[in-house]
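The next block holds one structure in the form of structure tokens; read it before the comments.
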2 protein chains.
Amino acid sequence: MKLTSKGRYAVMALVDLARFNNINPVSLRDISLRQGISLDYLEQIFSKLRKKEIVQSVRGTQGGYVLNKKAKEIKLTNIFDAVDEKVKTVQCKKDSKKGCNGKTTKCVTHNLWDELENHINNFFKEKSLEDLVKDNQERRI
Amino acid sequence: MKLTSKGRYAVMALVDLARFNNINPVSLRDISLRQGISLDYLEQIFSKLRKKEIVQSVRGTQGGYVLNKKAKEIKLTNIFDAVDEKVKTVQCKKDSKKGCNGKTTKCVTHNLWDELENHINNFFKEKSLEDLVKDNQERRI
DNA sequence: AGATACTTGACTATTTTAGTCAGGTTTATA
DNA sequence: TATAAACCTGACTAAAATAGTCAAGTATCT
């Protein structure tokens with residue numbers, strides 16, 4: 001059970017963006033250099049973040065990306081959701097007639113995995129980008 | 001982020017074992033049939049569980065497996081640990097000189113992933129096999 | 001005009017997963 | 001003591017997911 005790079009990078013990049021998100025847009029190139037993430041990969045990630053309206057792009061020279069909402073309103077859930085980082089604990093197919101389908105037949109551990117999924121998602125729902133930035137600034141003193 | 005089959009199967013098999021763990025050992029063949037898990041794969045899993053002293057094997061005809069501890073004392077952590085299902089959120093190498101190594105340099109989100117890992121592991125530490133069996137019996141009435 | 005920076009989509013090597021397969025060894029019981 | 005049930009081990013592999021790279025644009029500020 002592990003977190004993929006895509007999810008991790010998305011959060012790292014957004015924390016970076018939030019920290020430098022004063023007046024000017026932040027270019028992916030800068031984020032790439034500071035966070036050590038490939039520029040091409042960042043572009044893929046930000047394309048998704050833009051579609052989900054988490055960031056806005058500013059084109060042209062001196063362009064880059066800006067947060068589209070307040071850091072407080074951007075939760076980890078939103079970020080992971082945008083880049084398709086999903087928490088999957090159950091494999092049971094909804095339409096399977098034999099075995100566990102989550103309705104008529106439940107495998108012995110079905111409820112457990114549901115609980116686990118909720119447990120993890122709760123964590124993601126609570127944490128906002130602002131929390132992360134603050135946490136980071138405190139540790140930098 | 002997802003749970004692998006190995007971890008899921010291990011828990012399913014142990015719940016099954018715990019339920020039928022009265023006097024006689026339970027054969028993998030029976031578990032395989034009841035839970036729909038390949039026998040060969042189960043053998044791999046139980047080999048690991050035995051090494052970590054979570055189950056005991058009984059050889060010969062009428063043989064099979066028995067729990068090696070009380071169901072209450074077997075936590076999900078123990079099970080996942082035995083089958084190498086680990087929760088990995090951080091990728092930062094301990095010995096890397098450049099970038100995040102978890103000590104001298106911390107990436108902006110290092111603490112976050114640590115927190116997440118703890119959050120998930122807490123869930124695993126609390127849940128015991130007994131909890132799962134009970135939960136299952138209640139829902140069967 | 002031209003540099004900068006975003007945008008898109010296709011492609012691919014590597015790794016992980018989820019098993020299968022083959023060939024054992026052990027031991028209860030008839 | 002033969003034999004069948006059941007455990008035990010390790011090597012192998014197909015398929016899927018991951019983590020990117022690469023190429024070829026398009027938009028816009030100066």
Side-chain angles (χ1 to χ4, degrees), chain A residues 1-13 17 20 23-33 35-66 68 80 82-89 91-93, chain B residues 1-13 17 20 23-33 35-52 54-66 68 80 82-89 91 93:
Chain A
M1 188 167 197
K2 68 175 189 207
L3 200 66
T4 67
S5 295
K6 199 174 279 185
R8 206 171 336 105
Y9 287 171
V11 177
M12 285 169 70
L17 179 54
F20 292 89
I23 307 151
N24 303 317
V26 181
S27 75
L28 291 191
R29 192 167 168 279
D30 288 351
I31 297 180
S32 163
L33 290 174
Q35 302 299 330
I37 304 169
S38 128
L39 180 59
D40 282 317
Y41 205 25
L42 271 181
E43 284 176 349
Q44 273 185 48
I45 292 170
F46 272 76
S47 166
K48 294 185 178 196
L49 292 174
R50 198 182 57 82
K51 277 176 194 155
K52 293 285 179 170
E53 301 180 338
I54 291 171
V55 295
Q56 262 191 343
S57 71
V58 180
R59 308 193 118 192
T61 313
Q62 305 299 321
Y65 284 94
V66 186
N68 198 26
F80 284 146
V83 297
D84 300 311
E85 174 87 36
K86 278 168 194 155
V87 181
K88 278 189 188 173
T89 54
Q91 290 297 69
C92 324
K93 314 272 184 183
Chain B
M1 189 169 198
K2 70 176 187 206
L3 201 65
T4 68
S5 294
K6 198 173 280 183
R8 208 173 332 107
Y9 287 171
V11 177
M12 285 170 70
L17 178 55
F20 291 90
I23 308 153
N24 303 316
V26 182
S27 75
L28 291 191
R29 194 168 167 279
D30 288 352
I31 297 179
S32 163
L33 290 174
Q35 301 298 330
I37 304 170
S38 130
L39 180 58
D40 283 316
Y41 206 25
L42 271 181
E43 284 178 348
Q44 275 186 46
I45 292 170
F46 272 77
S47 165
K48 294 186 179 198
L49 292 174
R50 197 181 58 82
K51 277 175 192 154
K52 293 285 180 170
I54 290 172
V55 295
Q56 263 190 341
S57 70
V58 180
R59 308 194 119 194
T61 314
Q62 305 301 318
Y65 283 93
V66 187
N68 199 26
F80 283 147
V83 298
D84 301 310
E85 173 88 38
K86 278 168 193 156
V87 181
K88 279 189 186 171
T89 53
Q91 291 296 70
K93 315 271 184 185

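Reminder, nothing fancy here: chain letters follow the sequence lines and each chain counts from 1. These values consider heavy atoms only, across backbone and side chains, with no hydrogens, waters or symmetry-generated copies.
Neither OP1 nor OP2 of D:dC7 sits under 4.0 Å from any side-chain N or O of B:S27. Within the 4.0 Å cut-off from OP1 or OP2 of C:dT7, at least one side-chain nitrogen or oxygen of A:Y65 is found. Remark: B:S57 is in phosphate contact with D:dC8, judged by side-chain N or O atoms under 4.0 Å from OP1 or OP2. A:T4 has no side-chain polar atom (N or O) that falls below the 4.0 Å cut-off from OP1 or OP2 of D:dA17.
Atoms CG (A:L28) and C1' (D:dG20) sit 16 Å apart, rounded to a whole Å. Per the geometry, CE belonging to A:M12 stands 13 Å off P belonging to D:dA19, to the nearest Å. As rounded to whole Å, 15 Å separates atom C1' of C:dG23 from atom CG of B:L39. Rounded to an integer number of Å, the gap from B:Y41 OH to D:dG10 C1' is 15 Å. Atom-to-atom, CG of A:D40 to P of C:dC6 comes out at 12 Å; the value is rounded to the nearest Å. In this structure, the CG atom of B:D84 is 10 Å from the P atom of C:dT17, given to the nearest Å. At whole-Å resolution of the value, NZ in A:K6 and P in D:dT21 are 13 Å apart.
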Show the atom names and distances, to 0.1 Å, of all donor-acceptor pairs under 3.5 Å that link a side chain in residues 2-12 of chain A to residues at least two apart or in another chain.
residue, atom, partner, partner atom, Å
A:T4, OG1, A:E85, OE1, 2.3
A:R8, NE, B:T89, O, 3.2
A:R8, NH2, A:L3, O, 3.4

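Looking at heavy atoms from C-beta onward, A:K51 lies in side-chain contact with A:S47 at the 4.5 angstrom threshold.
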* To do: Could you please spell out the steps behind the side-chain contact (heavy atoms from CB on, under 4.5 Å) verdict for A:Y65 and A:V58?
  => CA-CA 6 Å; A:Y65 284 94; A:V58 180; over 6 Å; no
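Judged by distance alone, with hydrogens and angles left aside, the side-chain atoms of A:N68 form a donor-acceptor pair with the main-chain N or O of A:E53 at under 3.5 Å. With hydrogens and angles disregarded, no donor-acceptor distance shorter than 3.5 Å links the side chain of A:S27 to the backbone of A:G64.
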Nucleotide N/O of nucleotides 12-14 of chain D paired with protein N/O under 3.5 Å:
none

Would you tabulate the pairs of protein nitrogen or oxygen atoms and nucleotide nitrogen or oxygen atoms of nucleotides 28-30 of chain D closer than 3.5 angstrom?
residue, atom, partner, partner atom, Å
D:dC29, O2, A:T61, OG1, 3.2

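A heavy atom lying under 4.0 Å from DNA chain C marks the following residues of residues 42-52 of chain A, by number: A:E43, A:Q44, A:S47, A:R50.
For B:T61, the side chain to side chain contact (heavy atoms under 4.5 Å, CB included) criterion is met by no residue, not counting sequence neighbours. Scanning for side chain to side chain contact (heavy atoms under 4.5 Å, CB included) contacts around A:S38 gives A:D40, A:Y41, with sequence neighbours left out. Annotation: side chain to side chain contact (heavy atoms under 4.5 Å, CB included) contacts of A:L33 (sequence neighbours excluded): A:R29. Shown here are the salt bridge (Lys or Arg N to Asp or Glu O under 4.0 Å) partners of A:D84, two or more places apart in sequence or in another chain: A:K48.
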